[in-house]
Amino acid sequence: MNIILFGPPGAGKGTQAEAIAERESIPTISTGNIIREALKSGSELGLQLKQYMSDGRLVPDEVVIGIIKERIEKADCKNGFILDGFPRTIPQAEALDKMGIRIDKVIEIEVSDDIIINRMSGRRVCEVCGASYHLVNKKPQKDGICDKCNGTLVQREDDHPDTVKNRLKIYREQTKPLEVYYSKQGKLAVIQGDNKSIKETVELVLNALEA
Ligand code: AMP
């Protein structure tokens with residue numbers, strides 16, 4: 001099954017993607033994680049993209065389209081994949097269609113702005129493996145330490161409040177139109193994520209995949 005997950009920053013897409021990946025035994029492809037890895041490695045791609053990320057802007061379509069094309073061709077995507085954070089613009093969605101990649105289901109997670117701003121101020125990520133936590137909603141077993149790899153938990157530079165506001169604006173302008181794009185293709189399921197625990201939203205997402 002080939003699945004797209006989209007929603008505003010802080011909607012919990014990474015957690016939903018992990019749950020689907022586990023149940024369907026397919027990989028999650030997060031363009032954000034791939035770009036962060038490139039930044040850490042100090043590669044030329046990483047250096048080019050650093051400023052976009054820290055400002056909360058989208059990186060150019062042709063760059064992410066290239067990243068996705070290369071990743072989807074790998075053998076582990078043969079039985080399906082979950083795209084977390086791609087596409088984020090109409091040209092990116094059109095590029096997927098042009099590549100001849102069949103998408104079975106698109107899940108949109110809806111969360112209101114004030115909840116997002118609150119959630120993102122408490123989000124912490126592992127600087128080693130990228131696992132995501134929250135100071136209130138998803139605490140690690142030991143404060144400041146990743147449960148999975150013992151790495152240190154830090155706040156992402158693009159989770160600072162001003163950057164979050166900018167990311168939400170960009171989301172509304174450039175990503176939200178995907179709702180109409182995929183609804184016209186009859187593939188869209190919308191999940192309301194406000195005031196729900198992570199577990200409840202995961203359950204709704206998994207149900208939507210069966211519908
Ligand atoms: P994420 O971890 O998915 O929130 O992505 C973090 C940042 O990576 C975004 O704010 C963008 O700067 C960049 N990024 C990730 N995916 C995309 C995409 N599909 N298109 C453009 N920029 C992206």
Side-chain angles (χ1 to χ4, degrees), residues 2-18 20-21 27-41 43 45-72 81-99 101 103 106-109 111 113 115-117 119-134 138 153-179 181-182 193:
N2 299 338
I3 301 160
I4 290 173
L5 262 186
F6 83 96
K13 297 185 294 295
T15 311
Q16 325 298 343
E18 274 174 36
I20 303 169
T28 296
I29 302 175
S30 154
T31 36
N33 282 348
I34 295 174
I35 297 168
R36 275 185 289 277
E37 281 305 313
L39 288 187
K40 264 202 261 169
S41 73
S43 68
L45 175 70
L47 290 175
Q48 277 172 16
L49 303 182
K50 190 172 177 8
Q51 205 53 48
Y52 288 97
M53 279 195 96
S54 44
D55 294 349
R57 280 181 295 149
L58 295 183
V59 307
D61 285 335
E62 59 275 19
V63 176
V64 268
I65 291 167
I67 290 174
I68 280 291
K69 192 163 187 294
E70 199 179 305
R71 180 64 188 88
I72 284 180
F81 50 80
I82 306 152
L83 297 180
D84 162 16
F86 184 96
R88 261 174 153 105
T89 64
I90 296 289
Q92 291 177 21
E94 288 170 345
L96 268 185
D97 288 342
K98 279 192 204 125
M99 281 180 229
I101 292 163
I103 297 297
V106 179
I107 311 260
E108 175 185 0
I109 320 266
V111 183
D113 287 9
I115 293 186
I116 285 169
I117 290 166
R119 275 191 198 168
M120 293 188 64
S121 59
R123 174 155 77 171
R124 296 294 179 271
V125 293
C126 173
E127 63 179 0
V128 179
C129 75
S132 188
Y133 298 86
H134 192 276
K138 194 183 172 197
L153 304 184
V154 293
Q155 182 169 42
R156 268 169 52 172
E157 202 177 337
D158 56 351
D159 277 351
H160 290 285
D162 283 347
T163 316
V164 170
K165 283 188 193 139
N166 193 29
R167 289 168 71 194
L168 283 171
K169 181 169 174 280
I170 291 172
Y171 176 77
R172 272 191 297 274
E173 289 169 359
Q174 302 202 46
T175 308
K176 189 78 178 164
L178 292 176
E179 189 179 276
Y181 186 89
Y182 285 115

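Every number for a ligand or one of its atoms is a count from 1 in the order of the listing.
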Check: Within less than 4.0 angstrom of ligand 1, does K13 place any heavy atom?
Finding: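 Heavy atoms of K13 never come under 4.0 Å of ligand 1.
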Next item on the list: Determine whether the side chain, the backbone, both or neither of R156 has a heavy atom under 4.0 Å from any heavy atom of ligand 1.
Entry: side chain
Notebook entry, point to check: Applying a 4.0 Å heavy-atom criterion (strictly less than), which segment of V59 is in contact with ligand 1: side chain, backbone, both, or neither?
Noted result: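 It is both backbone and side chain that touch ligand 1.
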List the closest protein heavy-atom neighbour of [atom]: residue, atom name, distance to the nearest 0.1 Å.
{"atom": "atom 16 (N) of ligand 1", "value": "T31 OG1, 2.8 Å"}
{"atom": "atom 20 (N) of ligand 1", "value": "Q92 NE2, 2.9 Å"}
{"atom": "atom 2 (O) of ligand 1", "value": "R36 NH2, 2.8 Å"}

For the [atom1] atom on [X], are there more than 12 heavy atoms of other groups (residues, nucleotides or ligands in this structure) within a distance under 6.0 Å?
{"X": "K40", "atom1": "NZ", "answer": "yes"}
{"X": "K176", "atom1": "NZ", "answer": "yes"}
{"X": "E157", "atom1": "CD", "answer": "no"}

Margin query: Quick one, L83 with L5, criterion side-chain contact (heavy atoms from CB on, under 4.5 Å). Give me CA distance, side-chain angles, the key distance, then yes/no.
Written below: CA-CA 6 Å; L83 297 180; L5 262 186; over 6 Å; no
Check: Near L58, which atoms of ligand 1 are under 4.0 Å from a heavy atom of that residue?
Finding: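 Once the distances to L58 are compared, the set is 21 (C), 22 (N).
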Note to self: Test your reading of the model: is there a side-chain donor-acceptor pair from K13 to the backbone of P8, 3.5 Å cut-off?
What the structure shows: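 Yes; at least one donor-acceptor contact below 3.5 Å.
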Notebook entry, point to check: Taking R124 for the side chain and L153 for the main chain, is one N or O donor matched with an acceptor at less than 3.5 Å?
Noted result: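 Side chain of R124 to backbone of L153, a donor-acceptor pair under 3.5 Å: no, none is there.
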Note to self: Taking R119 first and then D159, would you say they form a salt bridge - that is, a charged N and a carboxylate O separated by under 4.0 Å?
What the structure shows: no
Next item on the list: Could you say whether the N/O atoms of D158 and ligand 1 ever approach to under 3.5 Å?
Entry: no
If you take the nearest heavy atom of each of [options], which one is closest to [atom]?
{"atom": "atom 1 (P) of ligand 1", "options": "R88, Q174, M53", "value": "R88"}
{"atom": "atom 12 (O) of ligand 1", "options": "R167, Q51, R57", "value": "R57"}
{"atom": "atom 14 (N) of ligand 1", "options": "D55, I35, D61", "value": "I35"}

Next item on the list: Give the minimum heavy-atom separation between L96 and P87, together with the two atoms involved.
Entry: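 What the structure gives for the nearest pair is CD1-CD, 4.1 Å.
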